[in-house]
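Written out below as structure tokens is the structure these notes cover.
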Amino acid sequence: MEKEETLRIDNYCFVCGKENPKGLKAKFISSNGKAKAEMILYKEYQGYSGIIHGGIIAALLDEACAYAGISLGYYTVTAEIKIRYRKTLKVGEKIIIEAFAEQIKSKLIQAKAQIKDSKDTIIAEAEGKLIIKEKIEKS
Ligand SMILES: CCCCCCCC/C=C\CCCCCCCC(=O)SCCNC(=O)CCNC(=O)[C@H](O)C(C)(C)COP(=O)(O)OP(=O)(O)OC[C@H]1O[C@@H](n2cnc3c(N)ncnc32)[C@H](O)[C@@H]1OP(=O)(O)O
């Protein structure tokens, strides 16, 4: 049987990679199943004029879920993600992205994430199912 591919981290993640010149460069902090980042998205990421593209919002929510899972000690892939877009996100607005994850089966992590603006209004929220691929070895 073929050996399963391992997930490699090379700092080029589109959402968080420090080395990716075309990435969003989000900086997540995470611990104990929670993850958080703050950032501002500019015009490069809009769809309609002045409004951030929903795909970018989805990528941020997905990443927040992954980081919450990483903080539980696992690298995962996303099997499913459901997104609810509640308000449009305007270009140039400060946002807070937060996620919470829990392991509910041996290979399954369930995560919830949300994006709020600086007035604490929910812009978008997500529910994700993440499949555990490997345990993070502590160095
Ligand atoms: C020391 C600290 C260091 C910290 C460092 C921090 C730095 C971090 C740096 C960088 C972070 C980067 C973060 C990036 C994040 C990106 C996230 C993504 O974009 S991931 C790419 C998109 N997703 C895919 O490409 C998946 C593609 N799909 C698949 O691979 C498969 O379809 C998969 C694995 C999702 C399911 O495949 P199957 O069904 O063959 O899986 P089977 O292994 O058989 O099942 C596993 C278990 O999961 C359940 N399962 C599978 N899908 C499910 C679902 N949708 N809902 C519920 N359960 C499900 C199954 O029923 C099974 O459960 P049972 O073991 O039988 O109890």
Side-chain angles (χ1 to χ4, degrees):
M1 199 167 73
E2 230 175 79
K3 191 182 178 300
E4 227 183 307
E5 215 182 325
T6 56
L7 300 175
R8 292 187 304 114
I9 307 292
D10 65 1
N11 297 321
Y12 243 75
C13 172
F14 168 67
V15 178
C16 72
K18 291 190 186 81
E19 311 288 336
N20 186 340
K22 296 189 176 165
L24 298 173
K25 294 198 170 67
K27 293 191 182 107
F28 282 91
I29 48 165
S30 62
S31 66
N32 300 323
K34 290 183 185 162
K36 185 173 180 179
E38 291 185 9
M39 65 189 297
I40 296 175
L41 294 163
Y42 294 101
K43 195 174 168 65
E44 289 76 6
Y45 304 112
Q46 75 173 31
Y48 291 114
S49 179
I51 296 173
I52 297 300
H53 196 288
I56 297 292
I57 290 172
L60 286 168
L61 290 164
D62 185 20
E63 188 85 1
C65 291
Y67 265 83
I70 285 170
S71 81
L72 294 175
Y74 299 106
Y75 289 125
T76 61
V77 290
T78 309
E80 271 185 47
I81 187 156
K82 183 174 85 180
I83 311 236
R84 179 141 186 216
Y85 296 97
R86 289 185 171 272
K87 306 262 180 208
T88 54
L89 175 58
K90 310 293 183 307
V91 165
E93 230 178 301
K94 184 179 155 190
I95 51 167
I96 298 116
I97 310 145
E98 287 181 292
F100 168 77
E102 58 184 336
Q103 186 176 0
I104 58 166
K105 281 195 341 190
S106 62
K107 279 197 177 175
L108 182 65
I109 287 178
Q110 201 159 281
K112 289 188 177 177
Q114 55 178 220
I115 296 181
K116 287 182 179 172
D117 67 13
S118 52
K119 293 186 194 115
D120 224 28
T121 304
I122 297 176
I123 303 288
E125 50 198 348
E127 282 176 24
K129 286 182 182 172
L130 317 180
I131 303 301
I132 293 173
K133 296 305 268 186
E134 58 200 88
K135 191 159 175 53
I136 299 172
E137 299 304 334
K138 288 201 178 94
S139 51

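Atoms within a ligand are numbered from 1 in the order they appear, just like the ligands themselves.
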Hey, does [Y] have a side-chain heavy atom less than 4.5 Å from the side chain of [X]?
| X | Y | value |
| --- | --- | --- |
| T78 | C65 | no |
| I52 | V91 | yes |
| Y75 | T6 | no |

Quick one: which ligand 1 atoms are inside 4.0 Å of a heavy atom on [X]?
| X | answer |
| --- | --- |
| I136 | 1 (C), 2 (C) |
| D62 | 17 (C), 18 (C), 19 (O) |
| I9 | 9 (C), 10 (C) |
| E80 | 54 (C), 55 (N), 56 (N) |
| A66 | 15 (C) |

Ligand 1 and [X], any nitrogen or oxygen pair closer than 3.5 angstrom?
| X | result |
| --- | --- |
| E137 | no |
| Y67 | no |
| T78 | yes |

Worksheet item: Can you tell me if CG on N32 sees more than 12 non-hydrogen neighbours from other groups inside 6.0 Å?
Response: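 12 or below, so no.
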Using a distance threshold of 4.0 Å (strictly less than), state whether [atom] has a protein heavy-atom neighbour.
| atom | value |
| --- | --- |
| atom 67 (O) of ligand 1 | yes |
| atom 55 (N) of ligand 1 | yes |
| atom 5 (C) of ligand 1 | yes |
| atom 31 (C) of ligand 1 | no |
| atom 62 (C) of ligand 1 | no |
| atom 19 (O) of ligand 1 | yes |
| atom 51 (C) of ligand 1 | yes |
| atom 28 (N) of ligand 1 | no |

Among all protein heavy atoms, pick out the one at the shortest distance from [atom]; state its residue, atom name and that distance to 0.1 Å.
| atom | value |
| --- | --- |
| atom 3 (C) of ligand 1 | Y75 OH, 3.8 Å |
| atom 13 (C) of ligand 1 | E63 OE2, 3.8 Å |
| atom 47 (C) of ligand 1 | K107 CB, 4.0 Å |

Worksheet item: Does the side-chain contact (heavy atoms from CB on, under 4.5 Å) test come out yes or no for I132 and T76, once each step is laid out?
Response: CA-CA 4 Å; I132 293 173; T76 61; 4.1 Å; yes
Taking [X] for its side chain and [Y] for its backbone only, find out whether a donor-acceptor pair lies under 3.5 Å.
| X | Y | value |
| --- | --- | --- |
| E63 | A66 | no |
| E19 | D10 | no |
| Y45 | I56 | no |
| K87 | K116 | no |

Discussion item. Given V15, L7, I70, identify the one with the heavy atom nearest to atom 11 (C) of ligand 1.
Written reply: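 Looking at heavy atoms only, the winner is I70.
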Item to complete: Please work out which of L108, D10, I131 has its closest non-hydrogen atom nearest to atom 49 (C) of ligand 1.
Response: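 Selected option, by shortest heavy-atom distance: I131.
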Worksheet item: Can you name the nearest heavy-atom pair linking I96 to D117, along with the distance?
Response: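 In this case the closest contact between I96 and D117 is CD1-O, 4.0 Å.
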Worksheet item: Which atom pair, heavy atoms only, marks the closest approach of A64 to I97?
Response: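 Scanning both residues, the minimum pair turns out to be CB-CG2, 3.7 Å.
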Worksheet item: At a 4.0 Å cut-off, with the gap strictly under it, does some heavy atom of K129 reach an atom of ligand 1?
Response: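 The answer is yes, since K129 has a heavy atom less than 4.0 Å from ligand 1.
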Worksheet item: If Ile, Leu, Val, Met, Phe, Trp and Tyr residues are connected whenever their side-chain heavy atoms lie under 4.5 Å apart, and connections chain through other members, are F14 and I83 in the same group?
Response: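 In one cluster with F14: I83, yes.
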Item to complete: Determine, for E125 against K112, whether the closest basic-nitrogen to carboxylate-oxygen distance falls under 4.0 angstrom.
Response: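 K112 and E125: not salt-bridged.
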